[in-house]
Novice: 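Dropping a structure here in structure tokens format, bear with me for questions.
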Amino acid sequence: MSDKHNIVRVSGVTKSFELGKLTVQALKGVDLAIRSGEYLSIMGPSGSGKSTLFNMIGGLDKPTTGKVFIDEVDIAQLDAFELAWLRNRKIGYIFQTFNLIQVMTALENVTLPMTFAGVPEEDAAKKGLELLGLVGLRERHAHKPMELSGGQQQRVAIARSLANTPAIVLADEPTGNLDLTTGEEIIALLKSLSRDRGVTIISATHDYKMLNVSDRVVWIRDGRIDKIEERDQLKITLGGIGAKEY
Amino acid sequence: MDQNSTHNGLFSSGAEGISRQVVLPMRKSLDISIRSLQVRFFRSLITVMSLVLAVAFLAFTLLGHDVAMGLLASGQPSLQSELVKAGFDLAPGRYPGSYEVAASAKDRWIVILSLLVCAVGIVNAQLMAVTERFREIGTMKCLGALDSFVLRLFLLEAGMQGLAGSFVGAILGGITGVLVGMLRFGGPALMYLRFEDVAASMGWSILVGFILSLVGVSYPALVASRMPPVVAMRAEE
Ligand SMILES: Nc1ncnc2c1ncn2[C@@H]1O[C@H](COP(=O)(O)OP(=O)(O)O)[C@@H](O)[C@H]1O
Ligand SMILES: [Mg+2]
């Protein structure tokens, strides 16, 4: 990747939620540029606004003020069809709770985004099996989510997120519901995707295991960016505080 | 900055240029709906139950009427007087000098009421069924589903439920209607029953049930399909 343009740009984004008379300000002005191909972690304690930011970047929710650009297109300008197209082709989503469709098999879950994209059934099945192979679950393709472990479900979700070869994979606490070892495996998988396929990975997390693999870490606290650290700065942090937190 | 040129920047990055449509072919929609119905068989059964009952009642009433019409048309005075004794009102028919069995206003109201109650029951059951599936809806939207895909899936499911439920209801109600007629009037009830009357009554019952099922699901499905993905995903927790 020679072309390290900003694939995502967040500009002055705030988000408030009305809870009756109360207004909760989840994001209080976030500016962030994310380079194409990087592995970026958004770190912060629970309630700091990571998921809210994740939803804004993914076009799943609209900022109260400010703008989100994907490939320099302001996504607030997109109509319903373009937004669906964006979610379908440009971005792959991974969630803490896996969010596989329970009534479908692993393979059907992976091929669903391809169906939406108009890929012929046979091609979709072939690519679906390939992707399941990539996450090590090729022979479990006929299983329903209920018949798979948490880690396996998350692998299927990762395969699904790659269905239409998106430029960006967004992950919200992808290891949040997994035990230590399974979490490490998922992180290693995400890292290899970023390395081998050049996918931009943006992951919201409070899992310190994620620090090792990140190119950059955005520390967020109370709806604001606290600091942004590059990989080499991170090593120092890790040696100091990080090691204890593990 | 020119908005149009930046738009093209985003959408020409795909291999196939500016093909920015998302699709869900009808066959695939059917596939998914049938699957959903199979997996949630028990829940579907509950949703359909009130429909079966209401359609059965409708078919029962219509066929009772058909039996009476058949007896009246038989031209046998003994049967006709038995009809009157059984409490059927004979009203002047379309042709001078002919008579037909009048559907009593009471019967009509009971049928309409039962259909209304059934409609409310369906809306209620479908609201619950749809609420249970908020997460699935949100997930589909994250994968690129349009509102119309979600709406179509729910309409298909309800349509199939409606057809199946109405069919069962019409058969049950129809058979009961004829049996009751035979209990009252014996063999002639069946003998003089006209096939086209029966077919029409069954057809109407099934159609009414089918439409009722679609009407019942339309509000819940519309709400669900218009829900923004985040709201849908959050709802279940
Ligand atoms: N839909 C919502 N309605 C009301 N408050 C919300 C909503 N979503 C998030 N919040 C609030 O915004 C803050 C940030 O939440 P969130 O982004 O989920 O944090 P994190 O993902 O970092 O744990 C929290 O205080 C949360 O209660
Ligand atoms: Mg969160």
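The chains referred to below are lettered A, B, ... by the order of the sequence lines, with proteins before strands, and numbering in each begins at 1. The shown structure was predicted, so the numbers you read here are calculated from the model rather than taken from an experiment.
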Novice: Need one label for A:Tyr93: side chain, backbone, both or neither, based on atoms under 4.5 Å from any heavy atom in chain B.
Specialist: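 The side chain, not the backbone.
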
Novice: Which pair of heavy atoms, one from A:Ala117 and one from B:Val23, lies closest together, and at what distance?
Specialist: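 Shortest heavy-atom separation between A:Ala117 and B:Val23 comes out as C-CG2, 4.4 Å.
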
Novice: How about NZ on A:Lys28, more than 12 heavy atoms from neighbouring residues, nucleotides or ligands closer than 6.0 Å, or not?
Specialist: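 Buried by this count: over 12 neighbours within 6.0 Å.
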
Novice: Ignoring hydrogens, what is the shortest heavy-atom contact between A:Leu60 and B:Cys142? Give both atom names and the distance.
Specialist: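 Smallest heavy-atom distance, with atoms named: CD2-SG, 3.6 Å.
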
Novice: So which residue, B:Ala145, B:Pro25, B:Gly138, B:Ser36, ends up with the most heavy-atom pairs under 4.5 Å with chain A?
Specialist: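 Answer, by heavy-atom pair count under 4.5 Å with chain A: B:Ala145.
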
Novice: Mind listing the closest non-hydrogen atom pair of A:Ala84 and B:Leu146 along with its distance?
Specialist: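 Minimum heavy-atom separation between A:Ala84 and B:Leu146: CB-CD2, 3.5 Å.
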
Novice: Does any heavy atom of chain B fall under 4.5 Å from the side chain of A:Glu108, the backbone, both, or neither of them?
Specialist: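 Just its side chain gets close to chain B.
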
Novice: Show your reasoning for whether side-chain contact (heavy atoms from CB on, under 4.5 Å) applies to B:Val39 and A:Gln102.
Specialist: CA-CA 9 Å; B:Val39 171; A:Gln102 298 297 320; over 6 Å; no

Novice: Taking atom CD as the centre, does A:Glu122 end up with more than 12 heavy-atom neighbours from other residues, nucleotides or ligands that are less than 6.0 angstrom away?
Specialist: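 No - once you tally the heavy atoms of other residues, nucleotides and ligands closer than 6.0 Å, there are 12 at most.
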
Novice: Restricting to non-hydrogen atoms, name the atom on A:Arg89 and the atom on B:Gln21 that form the minimum distance, rounded to 0.1 Å.
Specialist: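 Looking at all heavy atoms of both residues, the closest pair is NH2-O, 3.1 Å.
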
Novice: Please evaluate residues A:Arg87 and B:Val22 with respect to the criterion side-chain contact (heavy atoms from CB on, under 4.5 Å), reporting the C-alpha separation (whole Å), side-chain torsions for both, the decisive distance (0.1 Å), and the verdict.
Specialist: CA-CA 10 Å; A:Arg87 292 175 191 148; B:Val22 277; over 6 Å; no

Novice: Are B:Ile32 and A:Ile101 close enough, and set up right, to give a side-chain contact (heavy atoms from CB on, under 4.5 Å), and what steps lead you there?
Specialist: CA-CA 11 Å; B:Ile32 296 175; A:Ile101 294 179; over 6 Å; no

